[in-house]
K.L.:
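My questions all concern the structure below.
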Amino acid sequence: MSTDLPLIGDFSTAGPVLTGARIGVVTFPGTLDDRDAARAVRLAGGEPVALWHAETDGAAALAQLDAVIIPGGFSYGDYLRAGAIARFAPLMQAIVDAAGGRDGSTGGLPVLGICNGFQILTESHLLPGSMIKNDHLKFLCRDQVLRVESNATAWTGQYGAGEEITVPLKNQDGQYVADERTLDELEGENRVVFRYVGWNPNGSRRDIAGITNAAGNVVGLMPHPEHAVEAGFGPDSAQGMRMGTDGLGVFTSVLASIAGASTGEKK
């Protein structure tokens with residue numbers, strides 16, 4: 001990873017490495033936000049590790065990692081369907097296995113999918129449902145208020161249940177859909193992690209912005225917490241213009257979860 005230079009201000013200094021946790025960040029052809037995700041990991045106190053989608057020995061590549069992020073972008077240009085080709089990348093099967101498999105009840109390596117990463121996780125069947133075009137059929141970029149519906153996951157433990165946060169949203173295939181039975185299961189099992197507040201920007205069923213698997217180690221969400229981790233570059237907040245850092249909690253949460261697991265404490 002090369003050194004990043006800030007456009008304004010002096011916000012380039014990452015925090016101390018709190019846990020020594022190594023977080024893999026996957027790059028596919030067309031990925032856009034891998035560097036942003038890596039920077040978010042550094043600012044949270046972890047060590048980002050670059051992962052290439054075509055890694056032939058995925059199990060070995062993941063063996064020394066504590067978690068994996070599948071970042072946003074347009075993998076393979078969103079040809080066929082967003083995430084539909086990326087799910088067949090050699091590394092993805094290793095990620096599915098390391099995360100505990102498609103059943104999702106046993107847990108394993110914490111995995112976070114952001115935007116296109118969320119689409120890839122549904123296409124890989126690590127998470128249920130599908131992502132389709134926004135109901136207004138337009139690309140949308142805005143700051144979005146979310147409610148943290150569940151903090152019982154590896155990626156949200158540092159938030160309060162019901163807490164509202166603001167992070168950027170940018171997508172054209174952000175409408176989450178699933179059949180009513182699946183939606184009822186997600187609601188009944190407290191697996192809706194984030195919900196849109198104020199306005200549903202893409203027509204997602206039941207205002208769902210993010211979900212988790214049954215074990216709580218795999219989370220997917222459409223908005224971008226990695227773009228709200230550094231004062232001067234995030235959404236507007238009560239502290240001032242572009243000062244919002246609400247997304248940082250996603251990355252400090254997984255570090256806390258990893259640290260807790262290493263000491264035998266849950267979350």
Side-chain angles (χ1 to χ4, degrees), residues 1-7 11-12 14 22-44 46-54 65 67-79 82-87 89 91-92 95 110-124 126-127 131 134 139-144 146 155 165-174 176 193-194 201-202 209-210 218-235 242 244-254:
M1 297 290 178
S2 60
T3 301
D4 297 312
L5 297 176
L7 295 176
F11 302 114
S12 61
R22 303 178 81 238
I23 313 297
V25 180
V26 184
T27 299
F28 295 90
T31 296
L32 298 177
D33 297 319
D34 43 354
R35 289 173 61 84
D36 303 74
R39 184 164 179 77
V41 169
R42 278 201 301 275
L43 290 169
E47 177 187 353
V49 177
L51 292 172
W52 182 236
H53 71 106
L65 300 180
V68 166
I69 297 172
I70 305 175
F74 301 92
S75 60
Y76 298 94
D78 281 354
Y79 289 125
I85 299 177
R87 67 159 290 195
L91 184 61
M92 280 309 302
I95 290 175
V111 176
L112 174 69
I114 304 169
C115 196
N116 191 220
F118 187 12
Q119 294 157 345
I120 294 170
L121 291 181
T122 60
E123 292 288 340
S124 301
L126 270 175
L127 293 174
M131 310 300 304
N134 297 340
F139 180 89
L140 183 66
C141 181
R142 68 191 299 264
D143 292 342
Q144 177 66 49
L146 305 175
W155 299 92
I165 64 174
T166 302
V167 299
L169 174 144
K170 50 175 186 173
N171 62 66
Q172 66 178 8
D173 295 86
Y176 179 73
V193 180
F194 297 101
N202 42 42
V218 179
V219 168
L221 77 164
M222 282 311 295
H224 289 260
E226 80 278 19
H227 295 328
V229 296
E230 192 171 14
F233 301 93
R242 318 311 300 170
T245 60
D246 288 350
L248 190 61
V250 170
F251 305 95
T252 57
S253 289
V254 75

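All values below come from the heavy atoms of this structure, side chains included, with hydrogens, waters and symmetry mates left out. Please read these numbers as outputs of a predicted model, since none were measured by experiment.
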K.L.:
Is it true that a side-chain atom of Ser124 and a backbone atom of Leu121 form a donor plus acceptor pair closer than 3.5 Å?
P.N.:
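Absent.
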K.L.:
If you define the side chain from C-beta out and look only at heavy atoms, does anything of Leu65 sit under 4.5 Å from Leu51?
P.N.:
yes
K.L.:
For residues His53 and Ala89, report the shortest heavy-atom separation together with the two atoms involved.
P.N.:
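What the structure gives for the nearest pair is O-CB, 3.7 Å.
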K.L.:
Return the minimal non-hydrogen interatomic distance between Pro48 and Ala38, and the atom names on each side.
P.N.:
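That would be CG-O, 3.5 Å.
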K.L.:
What residues form a salt bridge (Lys or Arg N to Asp or Glu O under 4.0 Å) with Asp173, not counting sequence neighbours?
P.N.:
Lys133
K.L.:
Does the side chain of Val250 reach to within under 4.5 Å of the side chain of Val167, using non-hydrogen atoms?
P.N.:
no
K.L.:
Closer than 3.5 angstrom, by distance alone: can the side chain of Asn134 be matched with the main-chain N or O of Asn171 as a donor-acceptor pair?
P.N.:
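Such a contact is found between Asn134 side chain and Asn171 backbone.
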K.L.:
What is the distance from atom CG of Leu140 to atom NZ of Lys170, rounded to the nearest 0.5 Å?
P.N.:
12.5 Å
K.L.:
Carefully, step by step, assess Val68 and Leu112 under the rule side chain to side chain contact (heavy atoms under 4.5 Å, CB included).
P.N.:
CA-CA 6 Å; Val68 166; Leu112 174 69; over 6 Å; no
K.L.:
With rounding to the nearest 0.5 Å, note down the distance linking CG in Leu169 to CZ in Arg142.
P.N.:
7.5 Å
K.L.:
For Ile85, give me all partners under side-chain contact (heavy atoms from CB on, under 4.5 Å), at least two apart in sequence or on another chain.
P.N.:
Tyr76, Tyr79, Leu80
K.L.:
Apply side chain to side chain contact (heavy atoms under 4.5 Å, CB included) to Ile69 and Ile23, showing your working.
P.N.:
CA-CA 7 Å; Ile69 297 172; Ile23 313 297; 3.9 Å; yes
K.L.:
Would you mind reporting whether Gln172 and Asp78 have side-chain heavy atoms less than 4.5 Å apart?
P.N.:
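They are in contact (side-chain heavy atoms under 4.5 Å apart), so the answer is yes.
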K.L.:
What distance separates Thr27 OG1 from Ile70 CD1, expressed to the nearest 0.5 Å?
P.N.:
11.0 Å
K.L.:
The criterion is side-chain contact (heavy atoms from CB on, under 4.5 Å); which residues satisfy it with Thr122, sequence neighbours excluded?
P.N.:
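side-chain contact (heavy atoms from CB on, under 4.5 Å) list for Thr122, sorted by chain: Phe118, Leu127, Met131.
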K.L.:
Return the minimal non-hydrogen interatomic distance between Ala44 and Phe251, and the atom names on each side.
P.N.:
CB-CB, 3.6 Å
K.L.:
Shortest non-hydrogen contact from Gly247 to Val229?
P.N.:
C-CG1, 4.0 Å
K.L.:
To the nearest 0.5 Å, tell me how far Trp52 CH2 sits from Phe28 CZ.
P.N.:
9.5 Å
K.L.:
Indicate the atoms forming the closest heavy-atom contact of Gln144 with Pro201, along with that distance.
P.N.:
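Of all heavy-atom pairs spanning Gln144 and Pro201, the closest is OE1-CG, 3.6 Å.
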K.L.:
For the SG atom of Cys115 and the NE2 atom of His224, what is their distance to the nearest 0.5 Å?
P.N.:
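Cys115 atom SG to His224 atom NE2 measures 3.5 Å (nearest 0.5 Å).
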K.L.:
Which residues pass the ring pair (Phe, Tyr, Trp, His ring centres under 6.0 Å) test with Phe194, sequence neighbours left out?
P.N.:
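With neighbours one apart ignored, the set is empty.
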K.L.:
Test of understanding: with side chain to side chain donor-acceptor pair (under 3.5 Å), list the residues that count as partners of Asp143, not counting sequence neighbours.
P.N.:
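Side chain to side chain donor-acceptor pair (under 3.5 Å) check on Asp143 returns nothing, list empty.
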K.L.:
Kindly give the heavy-atom pair with the smallest separation between Glu123 and Ala82, and that separation in Å.
P.N.:
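Result for this residue pair: CG-O, 3.7 Å.
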K.L.:
side-chain contact (heavy atoms from CB on, under 4.5 Å) with Asp36: which residues, sequence neighbours excluded?
P.N.:
Asp33, Glu226, His227
K.L.:
With rounding to the nearest 0.5 Å, note down the distance linking CE in Met222 to CG in Asn116.
P.N.:
8.0 Å
